[in-house]
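Keep in mind that what you see is a predicted model, and the values were worked out from it rather than measured. Order of the sequence lines sets the chain letters (A, B, ...), proteins ahead of strands, with each chain counted from 1.
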Amino acid sequence: MRWEFLHKSKQWMKSSMPLTWYGLLFFCLIGLAAMSLRIIEKDQNESFIAILKVCKTIAMYAVGCILLFALLTTILPWWIIRKNSKNIRVNLIQQNAFKKDLFEVQLEIEPKLRAHALCLLKCQFLGGNYLSKLVELEESSHFQMSQKKTYYRAVIQLPDVKDYAIDTLCLYMGDFLHLFSFSQKIPAPFLLENLPEKTKVPEVKVLPRKADMSDRRAETSQMAQGDLYQFKQFEDNDDIRRIVWSIYARSGELVVRTPEIKSEFASDVLLYCSFYSGFKTSNSTVLDSLYLNIYKNAIWSFYLSWTEKEKDGQVLALVDDNKQELSSKEEIEKALMHAHWHEQPIFLQGKEWEKVSVILVSSLIPVGEVERMMQQLPDGVQIIQIKISEMIDQLPSKIWMPTLFLETEKIPEFQNKWQWQMNTSRKALVENETAIAQLLSNRITKISL
Amino acid sequence: MKLRLKNSFQKSLAQLLFIGLPTCILMFALLRQVNFALAILENNWFREGIYFLFGMAGAIFFYSYRFRFLTTALILYLVGNMVFYALNHTDLGEFSAFWLSIKFYLFGGLFFFGWFVGVGLSRWRLFTILWSIGVFVGFIIVMTQHQPIRISQFTSAFWLTLFYSIYIIFVSEYLRNLEGNVLTNRLFLRKTALFTLVLIGFIVLLGLLFKSNFETVGKDLASGQFNGKNNSSNMTKKNKDGSLSNNDKLNLSGSLNKNKNLVFVAHLNNTLPGSEAPNPLYFTALYYNKYDTASQSFLIDSLAPSNDLFQPDPSQIPLYFSKVDSTAIRNSKATLDRKVVSTEVYKVDLAPSDFAAPSTAYMVQPIAVPKDYKDKFKSAYRAQMWVSNLNSAYFVYNPAGDMAMESFQKSRYSILRTANDYSKETSEFMRYYTAVPKGEQFDKIRQLASEIAGHDSTTMDKMLSVRDYFLQKDAAGKNLFAYSDNPGVPGIPSASKLTYFLFQNRKGYCAYFAGATLFLLRSLGVPSRIAAGFLTVDRSSKNPGWYWFYEDQAHAWVQVYFPGYGWMDFDTTIPDVNTQQAPQPDGTPPLGNLQTYFVGDGTISEISKADKSVVLHLKNFMIQDKSFDAKPDVDIRLDAKVANVSTDTGTVNFDALKKGMHITAASSDPSLKNIQATPTDQPNTLLQTIPTPTPVTEIKIVSQENKATMKNENADNDGKVHFSSWLITVFWILVVVIIVLTVTPWVIFQVLVKKAKTSTYYVHRSIQFYLNQLSIEYDSESPEKYSREIDRHFGTDLEKFSNIYQKYKYSQQPLSQEELAFSNQILNNFRKKINQQISWKTRVRKFVMISPVFDFFAN
């Protein structure tokens, strides 16, 4: 609570103060410098004072002019932006194809800012409890863009696999020396979806089970004769029983109906994953998010790997409290994105387990709960334990000596490890993980990462 | 574990090019200035700049990897210290090891400084601001060490520093926010180039605007005029308390000021060998061993080899206690024809902390000023010197006709002619004291020296040839050289004043004669140095051995080193005819100092003003010239009814004594005359033989404690502001700024309310300001809709007022009485309604924010 207050105060000062911390320090030091020169002046002889006075005058003019110029180049764009805040549009352009947590946002400011060359624009996205880092805006130009507008682009990186409802964009205008800073809030309602990413997971063969598919069947073509829509050329491995002989008789071409590539009798893989966390000892929102991201990405990666292999049936998913079986990638992706740790125990009961092929168990489910679940499982259901401690990786045992000389805590790939290593609940979590692993080792179908 | 780069190689290279290189260029310039000011640096500014560059470049690349600063810098520091320790303990000969370690210390210091600046500018954001402003102020401080300043040199360094200070903030901030291929980032390169060009243009513009100011100062510098006052150069400097000291630098300036103030009076018991005739000696205060070619002035070098200067602070030594430094005798390297001579110096205008005595002094003992002379003399000390029988103030002033003096001169010349073997002197000693700067002007002096004394084989003859050169006459029988207090300066400011004096002008005062003599002698391989102090003039035989020293006797002369005989005064300055014509009258010497039987040194633990007694917490004491330490410290009561209380600056009242003050009390009371003490006596047993209360005749407040006690009282007067007071000032400035910022919205609102009493427009503005400040906003298309929203929410009558205001603003019809009355009262009612729904805490919180004010006036 106290930190939150400090955080809010800092944010308030940042958006209300016309000075940056850098600028504040600059003005304090300028004051100190002026005072020290005054003191030095008292100790000097007159020959020096004559020169010192000229120097002081020049320094005063120089600093005054530079500061005035800096202030003008900040206040002018700020004034224009403030006056035309309704004409500023914030568009989400794209999500980076390679790094899905990167989003590119475009700002259109009308009228065109003439003083932008000397003004440094930064922005920050706000929404709910989310506050993005300060991002520098880069001017972008394209021949198709309007000459009456200034276009800027910003790339923001979202830390967690979830959706972010952004409602406001806070624009910061600073001078070329980074001393002044004026801010303007602009309504920017849009949703940024940070989807799960594929990570490296081991190959695990799953056994499909006949899921409840009675209401589904292969589509039957309602097309007119001669219409080859929803037909494809026969290829190797296509089921010869599905060849449309009537077309062959007419045209001599071997074709099969596309919906019939999959067997309507094939069994599907139903994946179940729970976001139940009976483990309240992480004491760190950072680590909670980290565990969640790791777990979501692992589930998504397993799902993708099975989808690629499953040719006959399909991979369905039961994501936590969503009792509806999800079949499309998009649905599963979004369900994962919205999932979060909760304290409700695993909800499937009794016979509901029969259709499940594979269960993904996180390290945050208490071992007792896993045991209870196992008692209800029919034979053949696979349980895959996602060991969060292994996904985070341990710091090398010899890290302490290099840490003396290297800022390992600032190296991105070590940051999480440090959080993990320094967390007081780590031991309890690992113990729970080991206990689950021990429990699963008795099952023939267990697969541990 | 693989090392990972914090910055890309290109970024590090860009940091080196755009931050490191300009910083190093500036450091080269600043180090050049520092070298001129500090003799020990030996004008190796380029090499020192390279040390800094290595440190800085090393740090920029080293810390581009994610190395931790604290531990790596500590290792660097430890390695440096180990090397330093090893050098100090290397058996290279004491002096070589000393110089080697000093040089390494310099290298280490600059390298580490460069390292620190490198890491600061490349890694720590706030450091840039600190560095930028620090460099500018540092530059000014360096300039204070460098006088007189050549204006062209100063201005170029000033513009460079100003340019750098602004440039570095811009470029380091810019670079900090860039990643990747910085060197190929066209926008960065274009903006940096543009900024640099604009900044250069701005600096040039400032240069043109202030050119005349600098030129005026430059002209004043060259002519020795400042602010219309003739303050060209003095042999002495005036301290804040009005006392005088010898100048830290010996300047060659256009003119010399001379005052007639009495500085001190001294008694010297030196006589000519085998005679009772007094032999006056120059009173030495300082040695100038090094010449600064840039400022053309002679400098003190405390690290000169075999430095035999005894520089005690008499004001810090308790009365009648003595300070002895025998290393001065050892460093004088004089063993032949020496004797111990003593002097008593009675200060008038000489600074309390200053010490002047004939060379080579090794002991000082503050003494009391006789009671009858308390008004005239402020303090006094006794000194002992290791003096040569062959030394005398009569080197130029040949006492023609005085047979005794002439025979003395001849005999000492013949003795000193035998002292020519410098082979036993260390090479460092010889190299240091025969050093002549390089350059065309010094080549000319070398050539002249060779012409004057090239044929002389002995040091003595070389000295005499140089003396004769200054005394020679031209074809018309006129003196070639003349003494002048206003010799003027060469037309070109940077031209050498010494060559101008030697070859063109041939007029000058003591600094010119001493400077020219020094380089002539050094060119001839004669170890020599410049001494500064006071010229001793024997004006009358009325009080033999007593000499009066006036301000215009402040003097500089040369001392020449003779192996075995040590340093001899050698004054080649042509006598000043004007001074000779108008000698100052000498007064009565301060005779009558009574025998002191008891001296006690300690702090006051109790004062009784009623009976003028003092309880002294005694630490040391003297009985009949024998000193003892009180073990343990004891309290003794002093009867100060007849005591004279004094400080270094003169007599003060008894009331000036304060509890806790460090004082020395002395007694010449006859009741103590018969107390005898031997070194074997137990100190505290001895104290029991002293009558209580002990009658004292003299109480001296020792300066150090005195200052400490009166520190707070004088804080405002001495002009020194301490760091804590800076912090307090900054704190108060910040408090004031914050108060002003927080109060501004309320003040503006009050102004608007006041104006609203007479204008409907300001009623409207006041309401708008109030709503704006309280962040009450609605997305409304028109004022009516907005007012309606406000009314709906707060139950106000804003819509009605809005209509009245629209009429006031757009209609040509005047407002009715009713409307006016409504307008006049709306503000108070409106505020009341709003205040009912918004708590005072929220209102205060909103009203202290300054940003909505900008928002209000911007729209």
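When every heavy atom of I166(B) is checked against every heavy atom of L177(A), the shortest pair comes out as O-CD2, 4.1 Å.
Of the two parts of L206(B), only the side chain, counted from C-beta on, holds a non-hydrogen atom closer than 4.5 Å to a non-hydrogen atom of chain A. Contact annotation for I203(B): neither backbone nor side-chain heavy atoms come within less than 4.5 Å of a heavy atom of chain A. For I133(B), the part lying near chain A is the side chain, with the backbone staying farther off; criterion is any non-hydrogen pair under 4.5 Å. If you measure heavy-atom distances from K56(A) to chain B, you find no contacts under 4.5 Å at all. Of the atoms belonging to L199(B), it is side-chain heavy atoms, and not backbone ones, that fall under 4.5 Å from chain A. With a 4.5 Å cut-off on non-hydrogen atoms, I75(A) does not touch chain B at all.
Among F136(B), Y174(B), W159(B), the residue with the largest count of heavy-atom pairs under 4.5 Å with chain A is W159(B). Contact tally against chain B (heavy-atom pairs below 4.5 Å) for A33(A), C28(A), A62(A), G31(A): the top residue is A62(A).
Inter-residue side-chain proximity for T403(A) and R68(B) is flagged as met; some heavy-atom pair is nearer than 4.5 Å. Looking only at side-chain heavy atoms (C-beta outward), F27(A) and V737(B) stay at 4.5 Å or farther from each other.
Distance OG1/T128(B) to NE2/H178(A): 11.0 Å, rounded to 0.5 Å. Atom CG of L29(A) is separated from atom CG of L126(B) by 9.5 Å, given to the nearest 0.5 angstrom. One finds the OG1 atom of T57(A) at 12.0 Å from the CG atom of L209(B) (value rounded to the nearest 0.5 Å). Distance check, rounded to the nearest 0.5 Å: OH of Y22(A) to CD of E173(B) gives 4.0 Å. The CZ atom of F405(A) sits 8.0 Å away from atom OG1 of T72(B), with the distance rounded to the nearest 0.5 Å. Between the CG atom in L25(A) and the CD1 atom in I129(B) there is a gap of 6.0 Å [rounded to 0.5 Å].
A ring-centre distance under 6.0 Å is found for Y61(A) and F210(B).
Shown here is L70(B), whose CG atom has no more than 12 heavy atoms of other residues, nucleotides or ligands within 6.0 Å.
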*Are F158(B) and V54(A) close enough, and set up right, to give a side chain to side chain contact (heavy atoms under 4.5 Å, CB included), and what steps lead you there?*
CA-CA 11 Å; F158(B) 175 78; V54(A) 179; over 6 Å; no
